[in-house]
Visitor: 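My questions all concern the structure below.
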Amino acid sequence: MASPIPQQRHAPAESACGLDAEDLPDGLLVADEAGLVVVFNTAAARITGLRRESVLGRPLAEALPLEDLEGRRWWQLTDPYGGLDIRTRQPERNLLLPGPGGREVLVSARYVRADGRTGPVRRVVVALRGTEARRRTERSHAELIATVAHELRSPLTSVKGFTATLLQKWERFTEDQKKLMLETVDADANRVTRLIAELLDISRIDSGRLEVHRQPVRLDVAVRRHVDGLVAAGVAAERFAILIAEPLPLLWADADKLDQVLGNLLENAVRHGEGTVTIEVEPAKAEAASGRVREGTAVTVSDQGPGIPEESIPRVFTRFWRGSKRGGTGLGLYIVKGIVEAHGGTIRVDRGPSGGASFRFILPAGVPEVLA
């Protein structure tokens with residue numbers, strides 16, 4: 001009669017609910033009480049680069065010869081079968097597989113003991129994950145830190161320089177010179193404040209904690225207010241065309257955050273676009289996350305500039321994307337997308353009728369369900 005252990009080695013690891021090891025998104029390796037590998041799913045083979053046939057049935061330490069970053073054999077160090085009898089797990093950490101390039105994997109382990117706590121080890125369950133996602137996150141964080149450091153250096157240097165000069169040589173400057181330097185300090189301080197606000201927004205968006213305080217909002221009024229502000233700041237009034245299709249449905253939204261969205265899109269159109277900036281506000285259908293279609297309000301901001309290259313469109317709403325070399329952190333459109341989606345809306349970018357960039361976002365209208 002065939003031994004039951006080899007049969008178990010090649011059988012899928014199924015739970016009482018019928019879950020197969022192949023259904024798991026991460027790599028799974030299971031060794032039995034004798035230390036022989038009985039489960040090694042396809043994800044584990046992909047992550048480690050090892051063939052399933054060369055792993056199943058072999059002793060754990062030989063089948064998966066992991067080393068730590070100092071070159072020490074991991075299974076000899078941890079000794080799951082003969083080590084501390086109170087140990088039930090190994091937290092996730094980076095380990096290496098010997099060979100060219102030293103393939104790096106994220107490994108965590110669970111020791112299943114006979115009595116659940118201090119009995120003999122019946123199974124060692126090892127979870128394996130690739131490091132690509134973590135490396136992308138680390139690179140993104142490093143880029144964010146580098147961007148912040150670069151953006152902070154210039155205004156802080158200016159603030160420090162002007163304040164130190166004024167303190168040391170106050171009597172030597174005329175009133176106009178003092179006013180100019182203080183205005184520069186104020187503008188640079190505002191720039192630092194905006195950058196810090198952007199960082200806080202990114203943190204909340206990434207963690208899913210962006211709070212939306214809803215109240216009735218009229219987007220047509222908000223658009224006119226932003227355009228008036230840009231005109232007062234020196235932009236020619238002839239550059240703007242506002243098209244409102246009435247009646248607009250009742251919109252409940254966070255007024256301050258929508259000001260961020262409108263301000264960013266309009267400033268981008270003025271700074272990076274050319275010709276007339278057209279802002280259209282109209283009723284539209286908005287598809288909620290549940291799939292239900294609701295009444296909504298759409299805002300389209302388009303310009304007559306060179307537009308966005310076709311190959312760059314998928315990256316427009318990612319971090320650090322810049323449409324030109326005219327400065328900026330490259331974080332604004334990432335935040336815009338996060339704010340729109342926090343409202344249950346959608347946003348996209350296309351080429352406008354005149355060849356420029358056209359940003360269009362749609363927000364669902366109506367009283368929120370919690371207030372209905």
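Predicted model, so just to flag it, every value in this text is computed and none were measured. The residues of the chain are indexed from 1 along the displayed sequence. What's counted below: heavy atoms across the whole structure, side chains too, no hydrogens, waters or symmetry copies.
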Visitor: Within this structure, what is the CG-CZ distance for the pair Asp186 and Arg191, rounded to the nearest 0.5 Å?
Guide: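 Those atoms lie 14.0 Å apart.
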
Visitor: Go through the steps for Thr346 and Glu341 under the test side chain to side chain contact (heavy atoms under 4.5 Å, CB included), then give the verdict.
Guide: CA-CA 6 Å; Thr346 59; Glu341 291 180 347; over 6 Å; no

Visitor: Do the charged groups of Arg239 and Asp303 touch, with an N to O distance under 4.0 Å?
Guide: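 No.
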
Visitor: Would the distance check show the side chain of Gln304 and the main-chain N or O of Gly356 forming a donor-acceptor pair, the cut-off being under 3.5 Å?
Guide: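 Looks like no, no N/O pair under 3.5 Å.
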
Visitor: Could you walk me through whether Asp32 and Arg122 pass the salt bridge (Lys or Arg N to Asp or Glu O under 4.0 Å) check?
Guide: CA-CA 6 Å; Asp32 63 13; Arg122 295 303 184 210; over 6 Å; no

Visitor: Tyr81, Leu84: one ILVMFWY side-chain cluster at the under-4.5 Å cut-off?
Guide: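 Shared cluster, no.
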
Visitor: Quick one: do Arg204 and Asp201 make a salt bridge, cutoff under 4.0 Å?
Guide: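 Salt bridge: yes.
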
Visitor: Any side-chain heavy atom of Ser203 within less than 4.5 Å of one from Arg209?
Guide: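 Result yes, sub-4.5 Å side-chain heavy-atom pair found.
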
Visitor: So, does Arg113 use its side chain to make a donor-acceptor pair with the main chain of Arg87 at under 3.5 Å?
Guide: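 Side chain of Arg113 to backbone of Arg87, a donor-acceptor pair under 3.5 Å: yes, one is there.
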
Visitor: Strictly by modelled atom types, are Asp254 and His343 linked by a side-chain donor-acceptor pair under 3.5 Å?
Guide: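 There is no such pair (donor and acceptor under 3.5 Å, judged by atom type) between the side chains of Asp254 and His343.
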
Visitor: Just to verify, which of Val235, Val301, Val261 counts as forming a side chain to side chain contact (heavy atoms under 4.5 Å, CB included) with Leu266?
Guide: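 So the option named by the test is Val301.
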
Visitor: Would you say Leu363 and Leu258 make side-chain contact, with heavy atoms under 4.5 Å?
Guide: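 Yes, side chains in contact.
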
Visitor: What pair of heavy atoms forms the shortest contact from Thr174 to Gln177, and how long is it?
Guide: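 Answer, listing the atom of Thr174 first, then Gln177: N-OE1, 2.9 Å.
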
Visitor: Compare every heavy atom of Ser312 with every heavy atom of Ile308, then report the nearest pair and how far apart it is.
Guide: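 In this case the closest contact between Ile308 and Ser312 is CG2-CB, 3.9 Å.
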
Visitor: Is there a side-chain contact between Leu333 and Asn264 (heavy atoms, below 4.5 Å)?
Guide: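 Yes, side chains in contact.
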
Visitor: Stepwise, does the side chain to side chain contact (heavy atoms under 4.5 Å, CB included) test hold for Tyr111 with Arg123?
Guide: CA-CA 6 Å; Tyr111 306 156; Arg123 289 191 303 279; over 6 Å; no

Visitor: Measure the CZ-CD1 distance between Phe317 and Ile335 for me, rounded to the nearest 0.5 Å.
Guide: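 Those atoms lie 13.0 Å apart.
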
Visitor: Shared ILVMFWY cluster between Ile347 and Val212, side chains joined below 4.5 angstrom?
Guide: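 Ile347 does not cluster with Val212.
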
Visitor: What distance do Leu262 atom CG and Glu267 atom CD have between them, rounded to the nearest 0.5 Å?
Guide: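 The CD atom of Glu267 is 11.0 Å from CG of Leu262, to the nearest 0.5 Å.
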
Visitor: Would a distance-only check, ignoring hydrogens and angles, find a side-chain to backbone donor-acceptor pair under 3.5 Å from Thr48 to Leu50?
Guide: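 Here the side-chain-to-backbone pair exists.
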
Visitor: Checking Asn41 against Glu22: is there a side-chain donor and acceptor pair closer than 3.5 Å?
Guide: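 No, Asn41 and Glu22 have no side-chain donor paired with an acceptor closer than 3.5 Å.
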
Visitor: For Ala365 and Leu251, which heavy atoms make the closest approach, and how far apart are they?
Guide: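 For Ala365 versus Leu251, the nearest heavy atoms are CA-CD1, 4.2 Å.
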
Visitor: Distance-only, no hydrogens or angles: does the Lys337 side chain make a donor-acceptor pair with backbone N or O of Val316 under 3.5 Å?
Guide: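 No; zero donor-acceptor contacts below 3.5 Å.
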
Visitor: Does one hydrophobic cluster hold both Val39 and Val112, with members joined at side-chain heavy-atom distances below 4.5 Å?
Guide: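 Same cluster: Val39 reaches Val112 through Ile, Leu, Val, Met, Phe, Trp or Tyr contacts under 4.5 Å.
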
Visitor: Where do Val185 and Val159 come nearest, in terms of heavy atoms and distance?
Guide: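 In terms of heavy atoms, the two residues are closest at O-CG2, 4.0 Å.
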
Visitor: Out of curiosity, Leu60 CG to Leu66 CG, how far, rounded to the nearest 0.5 Å?
Guide: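 Rounded to the nearest 0.5 Å, the CG-CG separation comes out at 8.0 Å.
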
Visitor: What verdict does the side chain to side chain contact (heavy atoms under 4.5 Å, CB included) test give for Leu96 and Asp68, after you've listed the backbone C-alpha separation in whole Å, the side-chain angles of each residue and the deciding distance to 0.1 Å?
Guide: CA-CA 6 Å; Leu96 300 173; Asp68 65 14; over 6 Å; no

Visitor: Is a salt bridge present between Glu282 and Arg360, judged by a nitrogen-to-oxygen distance below 4.0 Å?
Guide: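 The answer is yes: the pair qualifies as a salt bridge.
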
Visitor: Taking the side chain as every heavy atom from C-beta outward, state whether Val124 and Val30 have any pair of such atoms under 4.5 Å apart.
Guide: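 No, their side chains stay 4.5 Å or more apart.
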
Visitor: Side chains of Pro249 and Thr297, heavy atoms from C-beta outward: is any pair under 4.5 Å?
Guide: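 Side-chain contact under 4.5 Å: yes.
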
Visitor: So Ile242 and Arg224, do their side chains get closer than 4.5 Å, heavy atoms only?
Guide: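 A side-chain contact under 4.5 Å exists here.
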
Visitor: With sequence neighbours left out, write down each residue that passes salt bridge (charged side-chain N to carboxylate O under 4.0 Å, His left out) with Glu92, or none if nothing qualifies.
Guide: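 Glu92 satisfies salt bridge (charged side-chain N to carboxylate O under 4.0 Å, His left out) with Arg129, Arg134 only.
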
Visitor: To the nearest 0.5 Å, how far apart are CG in Asp350 and CZ in Phe359?
Guide: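 Atom-to-atom, Asp350:CG and Phe359:CZ are 9.5 Å apart.
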
Visitor: Closest heavy-atom contact between Gly130 and Leu106?
Guide: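 Shortest heavy-atom separation between Gly130 and Leu106 comes out as O-CD1, 3.6 Å.
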
Visitor: Side-chain contact test, heavy atoms from C-beta onward, threshold under 4.5 Å: evaluate it for Tyr334 versus Thr318 and give yes or no.
Guide: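 A side-chain contact under 4.5 Å is absent here.
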
Visitor: Do you know which two heavy atoms are closest between Leu36 and Gly57, and how far apart they sit?
Guide: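 Minimum heavy-atom contact is CD2-O, 3.8 Å.
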
Visitor: Using the rule that Ile, Leu, Val, Met, Phe, Trp and Tyr join whenever any side-chain heavy atoms are under 4.5 Å apart, tell me whether Val231 and Leu265 fall into a single cluster.
Guide: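 In one cluster with Val231: Leu265, yes.
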
Visitor: With a cut-off of 6.0 Å (strictly less than), are more than 12 heavy atoms of other residues, nucleotides or ligands near CD of Glu311?
Guide: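 Yes.
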
Visitor: So how far is it from Leu64 CG to Leu29 CG, rounded to the nearest 0.5 Å?
Guide: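 Reported value, rounded in 0.5 Å steps: 6.0 Å.
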
Visitor: Show, in sequence, the C-alpha distance, side-chain angles and deciding distance for Ser158 and Asp188, and conclude whether the side-chain hydrogen bond (donor to acceptor under 3.5 Å, both in side chains) test is met.
Guide: CA-CA 7 Å; Ser158 171; Asp188 284 331; 2.5 Å; yes

Visitor: Is a donor on one side and an acceptor on the other found under 3.5 Å between the side chain of Arg73 and the backbone of Ala61?
Guide: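 Answer holds: no.
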
Visitor: Would Leu28 and Phe40 count as a side chain to side chain contact (heavy atoms under 4.5 Å, CB included) here? Give the steps.
Guide: CA-CA 6 Å; Leu28 176 69; Phe40 192 70; over 6 Å; no

Visitor: Do the non-hydrogen side-chain atoms of Glu198 and Leu195 ever get within less than 4.5 Å of each other?
Guide: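 Yes, close enough: below the 4.5 Å cut-off.
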
Visitor: When you group the ILVMFWY residues by side-chain heavy-atom contacts below 4.5 Å and let the links chain together, are Val192 and Met181 in the same group?
Guide: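 Result: no, two separate clusters.
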
Visitor: Might you confirm whether atom NZ of Lys178 has over 12 heavy atoms from other residues, nucleotides or ligands at distances under 6.0 Å?
Guide: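 For Lys178, atom NZ is crowded (more than 12 foreign heavy atoms under 6.0 Å).
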
Visitor: Is it the case that over 12 heavy atoms from other parts of the model lie below 6.0 angstrom from the CD atom of Gln215?
Guide: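 More than 12 heavy atoms, drawn from other residues, nucleotides or ligands, come within 6.0 Å of this atom.
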
